[in-house]
A.B. asks: 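Have a look at the structure that comes next, please.
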Amino acid sequence: MAIPKAMGIETEYGISGPGTPDFNPVLASSLLINSYAGNLRRIRWDYEQESPLRDARGFEPVQEREPNEEDLGLANVILPNGARYYVDHAHPEYSTPECATPRDLVIHDKAGERVLEKSLELVQQVLPPGERIAIYKNNTDGKGNSYGCHENYLVDRRTPFASIVRDLMPFFVTRQVYTGAGKVAAESSHADAEHVVYQLSQRADFFEAEIGLETTLKRPIINTRDEPHADPEKYRRLHVIVGDANMCETSTFLKLGTTALVLKMIEDEFLPDLSLDNPVSALHIISWDPSLKTTVAMADGRQVSAVELQWEYLDHAKKYAKEHDPTPANIDVLQRWEATLTALEEDPMNLAREVDWVAKYRLLEAYRERDALDWGDPKLALIDLQYHDVRRDRGLYYKLVAGGKVERLVTEAEIELAVGQPPEDTRAYFRGNCIQKYPDSIMAASWDSVIFETGREALQRVPMREPLRGTREHVEDLLAQAEDAAALVDLLRS
């Protein structure tokens, strides 16, 4: 039986300094994070058990240790909600705490936007007059550089990685019809991209391989990093780099919920072979066609559209959920998935309330009509970018929210709570509450451990190898009983 899908999102936010000729994104990112952290105690990130070069195909390259953020003096904060907020590749990155449901992860993903928005507000108070920083939840700077929004899913180690590759590849190539964030023009050298004026995905143009370990060059559709952040004998962490950063809550919800269901079907060997003939090419040409009419070749010789292939996944998922996993959460995912595919089949423009690429397209068309703009007009590229501004008083997505023109799945109250509080049904509850209650006694932490200084001779590492333990149900009483970290460690050992 498939295991539950603990999941998380890591978002590298775009950062710029409009009007600042000597803008340094690394220093600016550090300033953002340090300003937000304020008086929070800076707990060291524990790199000891990390292995980013371990490959799911069974090898790990031997190379010199690269300097990490701590070596470089960059900002790196573990927040009281269990999230990590740090500088990565010259971007501010927000890694959500682990969540047990797609809806909870939508809440915590939005909480990340609020953290960045608050960071901007605080930084603006200390910047010299005339200088400012802008933050965008997008995936490309329009100059040939892309930055990621990476999903992570808990996967059963017993499932052959080859099965994950076979069954996920066609799904990832085609899910962009509802997960794409939309983008003006193309950033591909392919001849067929010359006539692209608007496409579904911000990331698709930057993928060049089917399978691989890279995340910044020769990006693969299936990433092979084998760094579970959990019991390595039992689990994998599927590190997904092929998705866009979404503003629309429905797109985020579907991205997570559908992928989790497909992974469960893979673990239970429920899917037939839906392999594509050329996945990389298919990823590109599907993105380049907002009409969704383009077909791609399957390995069995059939020609199908992206929506048609998504219907095949949905049909199997409905049968799977009915027979094996008929939870209310799964039923919600299936209903939204079916409603979305139905609308995409009838007229994609009907999904302006739910799907980012459609919402942005409608917005751009309104500006084009009002100002008689050609698709090549630079103003449209600026509108594209402004859609992703995290400031609720400036971002065009948030203008749509204010006008009631996009669907909300979660409330502002839930988001604000998630800014300061961890989920209650994953190990993030233990991590976050320890940071809140014993900050001066935590020497270091990571996703799968907390290291305490208890006044004894040796530091005390508390392992958290089970992502769905350390929940409120498991540890609330222990945390209430333990006045200090030493007492907590004793209670955990008793």
Side-chain angles (χ1 to χ4, degrees), residues 10-38 40 42 45 66-77 79 83-95 112-150 181-187 202-203 205-206 215-217 219 241 244-245 247 360 377-399:
E10 311 160 18
T11 303
E12 296 174 21
Y13 284 80
I15 184 168
S16 68
T20 306
D22 57 348
F23 179 72
N24 185 317
V26 176
L27 294 179
S29 297
S30 293
L31 182 60
L32 274 174
I33 294 157
N34 288 328
S35 297
Y36 183 82
L40 286 175
R42 308 307 170 86
W45 187 260
E66 293 186 358
N68 56 45
E69 290 86 357
E70 203 166 274
D71 299 328
L72 299 172
L74 303 182
N76 190 344
V77 180
L79 299 178
R84 184 185 180 198
Y85 186 28
Y86 66 114
V87 179
D88 186 43
H89 294 103
H91 295 270
E93 178 163 328
Y94 185 89
S95 295
E113 292 179 35
R114 302 295 182 268
V115 167
L116 269 295
E117 182 186 35
K118 182 64 175 179
S119 301
L120 275 177
E121 179 185 322
L122 294 169
V123 163
Q124 197 59 50
Q125 297 172 11
V126 301
L127 287 177
E131 290 190 15
R132 67 183 182 90
I133 295 173
I135 297 294
Y136 304 100
K137 191 186 182 190
N138 72 337
N139 299 109
T140 174
D141 64 1
K143 301 174 183 177
N145 301 305
S146 180
Y147 29 95
C149 178
H150 299 169
K183 182 171 71 172
V184 172
E187 294 183 78
Q202 296 210 342
R203 290 279 276 172
D205 284 347
F206 298 93
T215 59
T216 58
L217 295 170
R219 295 177 181 89
I241 70 170
D244 287 2
M247 302 298 293
K360 187 191 291 183
D377 195 300
K379 291 180 182 178
L380 293 184
L382 291 175
I383 293 166
D384 183 338
L385 183 63
Q386 197 61 30
Y387 177 87
H388 299 273
D389 195 316
V390 299
R391 294 171 297 178
R392 282 173 285 176
D393 63 340
R394 298 292 297 275
L396 294 182
Y397 164 79
Y398 280 108
K399 296 292 185 183

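These numbers come from the heavy atoms of this one structure, side chains and all, not from hydrogens, waters or symmetry mates.
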A.B. asks: So, taking the atom named CD1 in Ile135 and the one named CZ in Arg132, what distance separates them when rounded to the nearest 0.5 Å?
C.D. replies: 11.0 Å

A.B. asks: Do the side chain of Gln125 and the main chain of Leu120 share a donor and acceptor less than 3.5 angstrom apart?
C.D. replies: no

A.B. asks: Just checking, any donor-acceptor pair under 3.5 angstrom between side chains of Tyr397 and Asp389?
C.D. replies: no

A.B. asks: If I take atom CZ from residue Arg203 and atom CG from residue Asn138, how far apart are they, to the nearest 0.5 angstrom?
C.D. replies: 11.0 Å

A.B. asks: Side chains of Leu116 and Tyr85, heavy atoms from C-beta outward: is any pair under 4.5 Å?
C.D. replies: yes

A.B. asks: Treating Lys137 as the side-chain partner and Gly14 as the backbone partner, does any N or O pair qualify as donor plus acceptor under 3.5 Å?
C.D. replies: no

A.B. asks: Rounded to the nearest 0.5 Å, what separates atom NZ in Lys399 from atom CG in Asp393?
C.D. replies: 6.5 Å

A.B. asks: Is Glu113 close to Tyr94 at the side-chain level, that is, under 4.5 Å between some pair of heavy atoms?
C.D. replies: no

A.B. asks: Restricting to ring pair (Phe, Tyr, Trp, His ring centres under 6.0 Å), what partner residues turn up for Tyr136, sequence neighbours left out?
C.D. replies: none

A.B. asks: Any side-chain heavy atom of Met247 within less than 4.5 Å of one from Lys360?
C.D. replies: no

A.B. asks: Consider side chain to side chain contact (heavy atoms under 4.5 Å, CB included). Of Tyr147, Tyr13, Tyr86, which one does His91 pass it with?
C.D. replies: Tyr147

A.B. asks: Do Asn76 and Arg84 pair up side chain to side chain, a donor and an acceptor below 3.5 Å, judged on atom types alone?
C.D. replies: yes

A.B. asks: Rounded to the nearest 0.5 Å, how far does OG of Ser29 lie from NE2 of His89?
C.D. replies: 12.5 Å

A.B. asks: Within the structure provided, determine whether Leu31 and Leu127 are in side-chain contact (heavy-atom separation under 4.5 Å).
C.D. replies: yes

A.B. asks: With heavy-atom distances below 4.5 Å as the criterion, would you say the side chains of Leu40 and Leu79 are in contact?
C.D. replies: yes

A.B. asks: Look only at the side chain of Gln386 and the backbone of Arg394, and say whether a donor-acceptor pair between them is shorter than 3.5 Å.
C.D. replies: yes

A.B. asks: Does a side-chain N-to-carboxylate-O contact under 4.0 Å join Lys183 and Asp205?
C.D. replies: yes

A.B. asks: Given side chains that start at C-beta, do those of Arg114 and Arg392 come closer than 4.5 Å, heavy atoms only?
C.D. replies: yes

A.B. asks: Step by step, work out the side chain to side chain contact (heavy atoms under 4.5 Å, CB included) result for Gln202 and Ser146.
C.D. replies: CA-CA 8 Å; Gln202 296 210 342; Ser146 180; over 6 Å; no

A.B. asks: Got a donor-acceptor contact below 3.5 angstrom from the His150 side chain to the Ile241 backbone?
C.D. replies: no

A.B. asks: Does either side chain, that of Tyr398 or that of Glu117, offer a donor lying less than 3.5 Å from an acceptor on the other one?
C.D. replies: no

A.B. asks: Look only at the side chain of Thr140 and the backbone of Gly142, and say whether a donor-acceptor pair between them is shorter than 3.5 Å.
C.D. replies: yes

